[in-house]
Each structure stands twice: as C-alpha cells, then as structure tokens.
A.B. asks: 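My questions all concern the structure below.
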Amino acid sequence: QWDSDVSRAELLKAVQGSHGLLCLLTDKIDAEVLDAAGPNLKVISTFSVGYDHLALDEIKKRGIRVGYTPDVLTDATAELTVALLLATARRLPEAMEEVKNGGWRSGTTLWMCGYGLSGSTVGVIGLGRIGMAIARRLMPFGVKRLLYFGRTAKADAAELNGEFVPLDTLLTESDFIVVACSLTPETQGMCDKAFFSKMKNTAVFINTSRGAVVNQEDLYEALTSGEIAAAGLDVTTPEPLPTNHPLLTLKNCVVLPHIGSATYSTRGVMASLAAQNLLGGLQGTQMPSELIF
Ligand code: NDP
Ligand code: DGY
C-alpha cells in the first residue's frame, strides 16, 4: 500500500507473487503487470467503476476475476457533473476571479452573461447509470428536451421523455452536451473536429467520462474559434494536466482534477466495496460487484 501514486517500477516489483491486486484507475494493468505478478494472481479489484485501464483480454486469458465499484459513486459523480455544467455555463470561476482582481463591472448589462438551462435542450452521450442520474438532476432546472445517444435505447429514459437520437441530431440540436459514456475503442477520440463543428456556437460541452474521449487539440480550436461557447472537463489527457497546457489559458474552459466521485462518504463506500471484492476473489467466493466480461 502506498500513500501516493505508485511508480510503474515499484508496482512491477511489488506485485510479484501477489494473489490479489487492489488498484486505482491510474494504474495501467496490462500484460507486463500481469506477467510480473505471475500465476498466483486470482483477483484484481479496481477502486473505480471505469475499467479502461485494465487489459481485459489479457486478464481473461489468465482466468483472473475483476471487481469494480458501480452504483455507489453514481450520485456523487452526477452531482459533480451538474456543478461543473453550471459553473461552466454561468462562468463561475471567471466571475470569482473578477471579484478578486478588481474587474467587477457594474452598470453593464451583458457583462458576465452565460447560458441557462431553462427552456434548453440537453444531450447526454452515454445514458448509463451516471448519465441517467445527471439527466434526472438537470430536468428540474426547466430543461425542455432531453436527447441521448448510445449503443442502445434505454427504457428508463421514458420517465424523462428522453429521445434516443443519432449523434448528429444530438450535436446540432443540443444547448448542453454532457459526455458520460465509458471509454472504449469506439468512444476514444469521439469528440473531435467534426464533432465540435456540428455543435451550436452557443453550446456548452461537458465531459466527466474519460479524457481520451476528447481530442483536446480539436477542443482547444473549437473554444478559441468560437465554434462552441464553453467546455467543462473533469477528466483530461494526461492526468494531471500539465500546468502549461493551452486549455488552462482559456476563460471559457473549466478544468477540474477528476473529482467526480470525491465525496468523503462515496470514497468510503468505494473503499469498502473494493476491499470486499478483493476478499471475495481471494477466497474464491462471491464478489459484491464482479465485472462480467
Ligand atoms: P455505465 O456502464 O452504466 O454507462 C456507460 C454508458 O456508456 C452506457 O450508457 C453505454 O451505452 C455508453 N456507451 C458505451 N459505448 C458507447 C458508444 N460507443 N457510444 C456512445 N455511448 C456508449 O457506466 P457508468 O454510468 O457507471 O460510468 C460511466 C463512465 O463514467 C465510467 O466508465 C467512467 O469512465 C466515468 N466515470 C467518471 C467519474 C469521474 O470522476 N469523472 C466517476 C465515475 C465514472 P449502452 O448502454 O447503450 O452501451
Ligand atoms: C471511476 O470510478 O471510474 C472514476 O473515474 C473515479 O472514481
């Protein structure tokens, strides 16, 4: 157990002969780590719902079980997504900065104006556990239409009158676009030049899924050229984002350090679930949240 990020070299050394591995999403568990662990390894328990950092094909080949933490972080992540959307759309970080730096302008009507949810169309890419929880929280702000895109239509979208639409429809008709899908080979780089060019100039883009879903150079271009109004990101590539990254120079881009599930209680429940998954795997018994793949 380490107090901070474990280096790759340390992990490769310490994992040797292990029967179980409890990892974070920052630990890339690939063939090299699995080979270093050796044949004892029975279970990998990740402290996350996302599992794009796990080489599932290699893990499967070795007959290793996987535990993860779905559901228990859904509320916290949805809440953070709403906070990020509002902060981005209503320009909160920029406005707070103006209060501190003497830029507060009274007597002007358009200064610090942003975009509101009332009467808007919201598009969610990936209406899964978290996507649906985000939509449920956004609708009471007076959202007029909910559009969503994914691989399959969702029965519970009916409760929000959600419309399952092609991606292009979502892009051209939404005022707010929220990305909440998992990172897969299909979604990697999905938000690129063509994607942003179809969005409204007044639209706000929010990503709380994984950084690699977005082509950040194309996002920078879209934000600086006025192709889209603003972006809020809880996830980036890489993480941490270098402090000299161009996106951090933009007033219309709000970047958070991957804190979607970061409430004390949620992290506590995630820790407990990850530990129980690990123990179940070690003992060869039921794991409370086993990933079936
Ligand atoms: P779910 O599996 O419930 O939802 C994933 C969604 O992604 C599904 O709706 C799925 O649609 C959609 N999806 C998969 N492939 C595609 C595709 N090719 N195009 C469009 N949509 C697709 O997972 P969760 O909601 O629990 O979590 C989602 C992700 O959120 C995690 O994988 C993780 O990356 C991220 N996350 C980020 C956090 C943060 O701190 N920022 C915290 C927690 C999670 P379908 O069902 O139709 O296949
Ligand atoms: C996850 O669980 O996948 C998040 O990104 C971190 O909690």
Side-chain angles (χ1 to χ4, degrees), residues 5 22-29 44-54 56 66-85 123-137 146-157 160 162 164-171 177-192 195 206-214 232-241 254-274 277 289 291-293:
D5 283 355
L22 198 156
C23 66
L24 305 182
L25 59 92
T26 41
D27 304 313
K28 194 171 162 51
I29 308 302
I44 295 166
S45 170
T46 184
F47 192 103
S48 63
V49 65
Y51 46 82
D52 48 278
H53 55 303
L54 308 179
L56 290 183
V66 173
Y68 69 139
T69 62
D71 300 314
V72 295
L73 44 53
T74 295
D75 287 348
T77 308
E79 183 177 271
L80 186 280
T81 306
V82 173
L84 176 59
L85 184 150
V124 178
I125 298 179
L127 199 75
R129 289 174 291 251
I130 295 171
M132 187 66 194
I134 294 167
R136 281 199 183 103
R137 283 160 174 75
L146 170 68
L147 310 181
Y148 72 100
F149 169 74
R151 289 175 300 186
T152 51
K154 305 291 174 198
D156 54 0
L160 304 174
F164 184 49
V165 294
L167 183 58
D168 276 7
T169 307
L170 184 146
L171 295 177
I177 292 179
V178 181
V179 183
C181 61
S182 33
L183 174 62
T184 68
E186 292 80 51
T187 60
Q188 177 143 10
M190 172 176 63
C191 309
D192 60 4
F195 178 106
I206 303 295
N207 182 21
T208 50
S209 65
R210 284 290 182 265
V213 167
V214 175
L233 313 172
D234 183 43
V235 285
T236 59
T237 316
E239 291 182 0
L241 195 64
V254 178
V255 182
L256 300 179
H258 202 145
I259 55 169
S261 65
T263 70
Y264 291 109
S265 63
T266 299
R267 288 285 165 86
V269 180
M270 287 171 72
S272 168
L273 181 54
N277 282 335
S289 285
L291 182 69
I292 306 303
F293 60 104

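Ligands are counted one by one from 1 in listed order, and the atoms in each one are counted from 1 as well. For the single chain, residues carry numbers from 1 onward in sequence order. Nothing here was measured: the structure is a model prediction, and the numbers come from that model.
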A.B. asks: Ser261 heavy atoms, cut-off 4.0 Å: which ligand 2 atoms fall inside?
C.D. replies: 6 (C), 7 (O)

A.B. asks: Hey, which atoms in ligand 2 end up nearer than 4.0 Å to a heavy atom of Met270?
C.D. replies: 7 (O)

A.B. asks: I need the atoms of ligand 2 closer than 4.0 Å to a non-hydrogen atom of Ser48, numbered in the order shown.
C.D. replies: 1 (C), 2 (O), 3 (O)

A.B. asks: Identify the protein heavy atom lying closest to atom 6 (C) of ligand 2, giving its residue, its atom name and the separation to 0.1 Å.
C.D. replies: Leu25 CD2, 3.4 Å

A.B. asks: Does Ser289 reach the main-chain N or O of Thr69 with its side chain, forming a donor-acceptor pair under 3.5 Å?
C.D. replies: no

A.B. asks: Do Thr184 and Asp52 have side chains that approach each other closer than 4.5 Å (heavy atoms only, starting at C-beta)?
C.D. replies: no

A.B. asks: Minimum heavy-atom separation for Cys191 and Val179, please, with both atom names.
C.D. replies: SG-CG2, 4.1 Å

A.B. asks: Closer than 3.5 angstrom, by distance alone: can the side chain of Tyr148 be matched with the main-chain N or O of Gly131 as a donor-acceptor pair?
C.D. replies: no

A.B. asks: Of all the heavy-atom pairs spanning Ser209 and Val213, show the shortest one and how long it is.
C.D. replies: OG-CG2, 3.7 Å

A.B. asks: Do the side chain of Thr187 and the main chain of Met190 share a donor and acceptor less than 3.5 angstrom apart?
C.D. replies: no

A.B. asks: In ligand 2, which numbered atoms sit nearer than 4.0 Å to a non-hydrogen atom of Leu73?
C.D. replies: 2 (O), 7 (O)

A.B. asks: Taking all atoms of both residues into account, what is the closest heavy-atom pair of Phe47 and Ala271, and its distance?
C.D. replies: CE1-CA, 3.3 Å

A.B. asks: Can you check which of Arg267, Arg210, His53 brings a heavy atom nearest to atom 3 (O) of ligand 2?
C.D. replies: Arg210

A.B. asks: Tell me, do Arg129 and Asp71 make a side-chain contact under 4.5 Å, heavy atoms counted?
C.D. replies: yes

A.B. asks: Do Asp27 and Leu24 touch side chain to side chain, with heavy atoms closer than 4.5 Å?
C.D. replies: yes

A.B. asks: Against heavy atoms of Val49, which atoms of ligand 2 measure under 4.0 Å?
C.D. replies: 1 (C), 2 (O), 3 (O)

A.B. asks: Mind listing the N or O contacts between ligand 1 and protein, cut-off under 3.5 Å?
C.D. replies:
{"from": "ligand 1", "atom 1": "3 (O)", "to": "Arg129", "atom 2": "N", "distance (Å)": "2.9"}
{"from": "ligand 1", "atom 1": "3 (O)", "to": "Arg129", "atom 2": "NE", "distance (Å)": "3.4"}
{"from": "ligand 1", "atom 1": "7 (O)", "to": "Ser182", "atom 2": "N", "distance (Å)": "3.2"}
{"from": "ligand 1", "atom 1": "9 (O)", "to": "Leu127", "atom 2": "N", "distance (Å)": "3.4"}
{"from": "ligand 1", "atom 1": "9 (O)", "to": "Gly128", "atom 2": "N", "distance (Å)": "3.0"}
{"from": "ligand 1", "atom 1": "15 (N)", "to": "Arg151", "atom 2": "NE", "distance (Å)": "3.4"}
{"from": "ligand 1", "atom 1": "23 (O)", "to": "Arg129", "atom 2": "NH2", "distance (Å)": "3.3"}
{"from": "ligand 1", "atom 1": "25 (O)", "to": "Arg129", "atom 2": "N", "distance (Å)": "3.3"}
{"from": "ligand 1", "atom 1": "25 (O)", "to": "Ile130", "atom 2": "N", "distance (Å)": "2.9"}
{"from": "ligand 1", "atom 1": "26 (O)", "to": "Arg129", "atom 2": "NE", "distance (Å)": "2.9"}
{"from": "ligand 1", "atom 1": "26 (O)", "to": "Arg129", "atom 2": "NH2", "distance (Å)": "3.2"}
{"from": "ligand 1", "atom 1": "34 (O)", "to": "Ser209", "atom 2": "O", "distance (Å)": "3.4"}
{"from": "ligand 1", "atom 1": "34 (O)", "to": "Arg210", "atom 2": "NH1", "distance (Å)": "3.2"}
{"from": "ligand 1", "atom 1": "40 (O)", "to": "His258", "atom 2": "NE2", "distance (Å)": "3.3"}
{"from": "ligand 1", "atom 1": "40 (O)", "to": "Gly260", "atom 2": "N", "distance (Å)": "3.1"}
{"from": "ligand 1", "atom 1": "41 (N)", "to": "Thr208", "atom 2": "O", "distance (Å)": "3.0"}
{"from": "ligand 1", "atom 1": "41 (N)", "to": "Asp234", "atom 2": "OD2", "distance (Å)": "2.8"}
{"from": "ligand 1", "atom 1": "46 (O)", "to": "Lys154", "atom 2": "NZ", "distance (Å)": "2.4"}
{"from": "ligand 1", "atom 1": "47 (O)", "to": "Arg151", "atom 2": "N", "distance (Å)": "3.0"}
{"from": "ligand 1", "atom 1": "47 (O)", "to": "Thr152", "atom 2": "N", "distance (Å)": "2.8"}
{"from": "ligand 1", "atom 1": "47 (O)", "to": "Thr152", "atom 2": "OG1", "distance (Å)": "2.8"}
{"from": "ligand 1", "atom 1": "47 (O)", "to": "Lys154", "atom 2": "NZ", "distance (Å)": "3.3"}
{"from": "ligand 1", "atom 1": "48 (O)", "to": "Arg151", "atom 2": "NE", "distance (Å)": "2.6"}
{"from": "ligand 1", "atom 1": "48 (O)", "to": "Arg151", "atom 2": "NH2", "distance (Å)": "2.7"}

A.B. asks: Using the rule side chain to side chain donor-acceptor pair (under 3.5 Å), only one of Asp234, Asn207, Thr208 pairs with Thr81; which is it?
C.D. replies: Thr208

A.B. asks: Which of the atoms in ligand 2, numbered in the order shown and given with their element, are less than 4.0 Å from a heavy-atom of His258?
C.D. replies: 4 (C), 5 (O), 6 (C)

A.B. asks: Within ligand 2, which atoms have a heavy atom of Gly50 less than 4.0 Å away?
C.D. replies: 1 (C), 2 (O), 3 (O)

